[in-house]
Amino acid sequence: MPHTYAVALRTRFRGITTRHGMVWQGSAGWAEWSPFLDYDGDEIVPWLRAADEAAEQGWPAPVRDEIEVNATVPAVGPDRAADLVRAAGCRTVKVKVAEPGQALSDDLDRVAAVRDVLGPDGRIRVDANGAWNAAEATDALERLAGYGLEYAEQPCRTVDELVALRVALARAGVEVPVAADESIRRDDDPYLVARRGAADIAVLKVQPLGGVRACLTIAAEIGLPVVVSSALETSVGIAAGVALASALPDLPYACGLNTVRLLTDDLVDDPLVAVDGRLPVRAAAPSPERLAEHAADPDTTAFWQARLEATRHRAAGCRPRGRDDHG
């Protein structure tokens, strides 16, 4: 039977202060289904396929037993950003930028604080979640490049804008690689960014893309180096991301899988939280006590149960995405 959870966030992230979702146990293990509320209809069918894979199939065998991960810094002030980096103990940090209501100067101050803590050898990547247009992104990345960015994740919303941005950066002599996230997981064709030359790096997230095996197929066919990242899950969902990262033949970048730290608590007694910048490759099973402690209220539970039922109905009529669907 699915359990609906509600776990508060330490800081507002993606516009939310509480993370909701469902977890359940199948013959192969525990699964998490937690599509964000701005996903709807057919968009959340892949999230369900990922959960069913975890519950009923399990995951491919790993080729490594630990995963290097990055810390994630929300759109907080520079002092708080510095504290988060010190506490995380990671040598790679993803910094949220382009927060609504904030200015580019806030982004610059936040990234500067992170660089001060990491020193010259630490790696910094920024994530705009598609908030800039091409001109804004060019200006911002020209200024942020001085802090030595590893890459910029989804600086613009559309593939056309990403193409224009890469051209503008090249003309300006700004060497900041572009990573595509939403342009892969929210597009009907996850390979479009590669065909159009819109990105240097592909960010893969297990739930939105339909599971570990679906992501392995994309990684094999997209022709770009990949980064595995989370969808802000509890440790139950993070374990699926860890399974993907552990099964990839090549893992050139630290993974964005250390996001349990953004939650105030977890559903498991031994959370998947990095030590010295690394996560172990293992499953995660919630405890009955934590499931009870973090059970959602009746109205929220009813909403998620209805959402799950409607999505299962949709899933019966939806084909999985893949190369055959998009040429």
Side-chain angles (χ1 to χ4, degrees), residues 8-14 17 66-129 131-132 137 139-155 174-179 181 200-201 203 225 227-230 232-233 235 238 241-242 245 251-266 271-280:
L9 296 172
R10 298 183 186 278
T11 304
R12 179 181 290 272
F13 195 85
R14 286 187 98 260
T17 56
E66 64 177 12
I67 306 299
E68 183 182 2
V69 295
N70 64 261
T72 300
V73 173
V76 295
D79 291 343
R80 176 63 176 151
D83 289 343
L84 290 171
V85 175
R86 293 189 190 99
C90 299
R91 296 303 300 158
T92 301
V93 178
K94 180 165 81 170
V95 183
K96 290 292 184 177
V97 294
E99 179 77 2
Q102 294 188 7
L104 179 56
S105 59
D106 297 307
D107 298 333
L108 292 165
D109 290 344
R110 187 178 310 115
V111 172
V114 171
R115 175 55 71 199
D116 284 345
V117 174
L118 286 179
D121 297 328
R123 295 174 294 277
I124 297 176
R125 52 187 70 160
V126 296
D127 183 4
N129 289 115
W132 291 319
D139 176 57
L141 294 178
E142 283 180 341
R143 298 172 69 179
L144 287 164
Y147 296 104
L149 300 186
E150 182 181 40
Y151 62 75
E153 183 173 324
Q154 202 67 45
V174 178
E175 296 182 359
V176 176
V178 172
D181 175 12
D200 304 281
I201 299 158
V203 179
V227 177
V228 179
S229 195
S230 86
L232 197 60
E233 298 103 333
S235 286
I238 292 297
V242 170
L251 199 64
Y253 295 96
C255 297
L257 296 171
N258 199 33
T259 51
V260 170
R261 285 183 173 273
L262 300 174
L263 305 175
T264 58
D265 204 355
D266 199 4
L272 279 168
V273 174
V275 176
D276 296 328
R278 294 186 173 272
L279 281 177

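Bear in mind that the values here come from a model prediction, so they are computed numbers and not experimental data.
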Closest non-hydrogen atom pair between Val76 and Ala81, with its separation: CG2-N, 3.7 Å

Pairwise distance CZ(Arg125) to OG1(Thr72) - rounded to 0.5 angstrom: 8.5 Å

Val69 to Ala274 - nearest heavy-atom pair and separation: CG2-CB, 3.5 Å

Distance (rounded to the nearest 0.5 Å) between Lys94 NZ and Ser229 OG: 4.0 Å

Side-chain touch Val273/Asn258, heavy atoms, less than 4.5 angstrom: yes

Glu99 and Arg110 ion-paired at < 4.0 Å: no

Donor-acceptor pair, side chain of Arg91 and main chain of Leu118, under 3.5 angstrom: yes

Arg10 side chain vs Arg261 backbone, donor-acceptor pair below 3.5 Å: yes

N/O donor-acceptor pair under 3.5 Å between Asp200 side chain and Val178 backbone: yes

Atom pair OG1 (Thr17) and CZ (Arg12), whose distance is rounded to the nearest 0.5 Å: 5.5 Å

Heavy-atom side-chain proximity of Val97 to Trp132 below 4.5 angstrom: yes

Student check: side-chain heavy atoms of Leu84 and Pro74 closer than 4.5 Å: yes

Non-hydrogen atoms of Pro155 and Leu141 that approach each other most closely: CB-CD1, 4.5 Å

Interatomic spacing from CD in Glu68 to CG in Leu251 - rounded to 0.5 Å: 8.5 Å

Stepwise side chain to side chain contact (heavy atoms under 4.5 Å, CB included) check, Leu9 with Leu232: CA-CA 10 Å; Leu9 296 172; Leu232 197 60; 4.0 Å; yes

Reported CD1-to-OG1 distance for the pair Ile238 and Thr259, which is rounded to 0.5 angstrom: 3.5 Å

Sidechain-backbone polar pair: Asn129 side chain, Ala131 backbone, donor-acceptor under 3.5 Å: no

Test item: Phe13 and Lys96 side chains (from C-beta on) under 4.5 Å apart, heavy atoms: yes

Side chain to side chain, Asp181 and Val227, heavy atoms closer than 4.5 Å: no

Heavy-atom closest pair, residues Ile124 and Tyr147: CD1-O, 4.3 Å

Shortest non-hydrogen contact between Asp107 and Ala98, atoms and distance: OD2-N, 3.2 Å

Heavy-atom check, side chain of Leu144 versus side chain of Leu108, under 4.5 Å: yes

Pro177 to Ile201 - nearest heavy-atom pair and separation: CB-CD1, 4.2 Å

N/O donor-acceptor pair under 3.5 Å between Asp109 side chain and Asp106 backbone: no

Interatomic spacing from CG in Asn70 to CD in Glu150 - rounded to 0.5 Å: 8.5 Å

Ser235: which of Leu263, Leu272, Val242 passes side-chain contact (heavy atoms from CB on, under 4.5 Å): Leu272

Main-chain N/O of Gly122 paired with Arg115 side-chain donor or acceptor, under 3.5 Å: yes

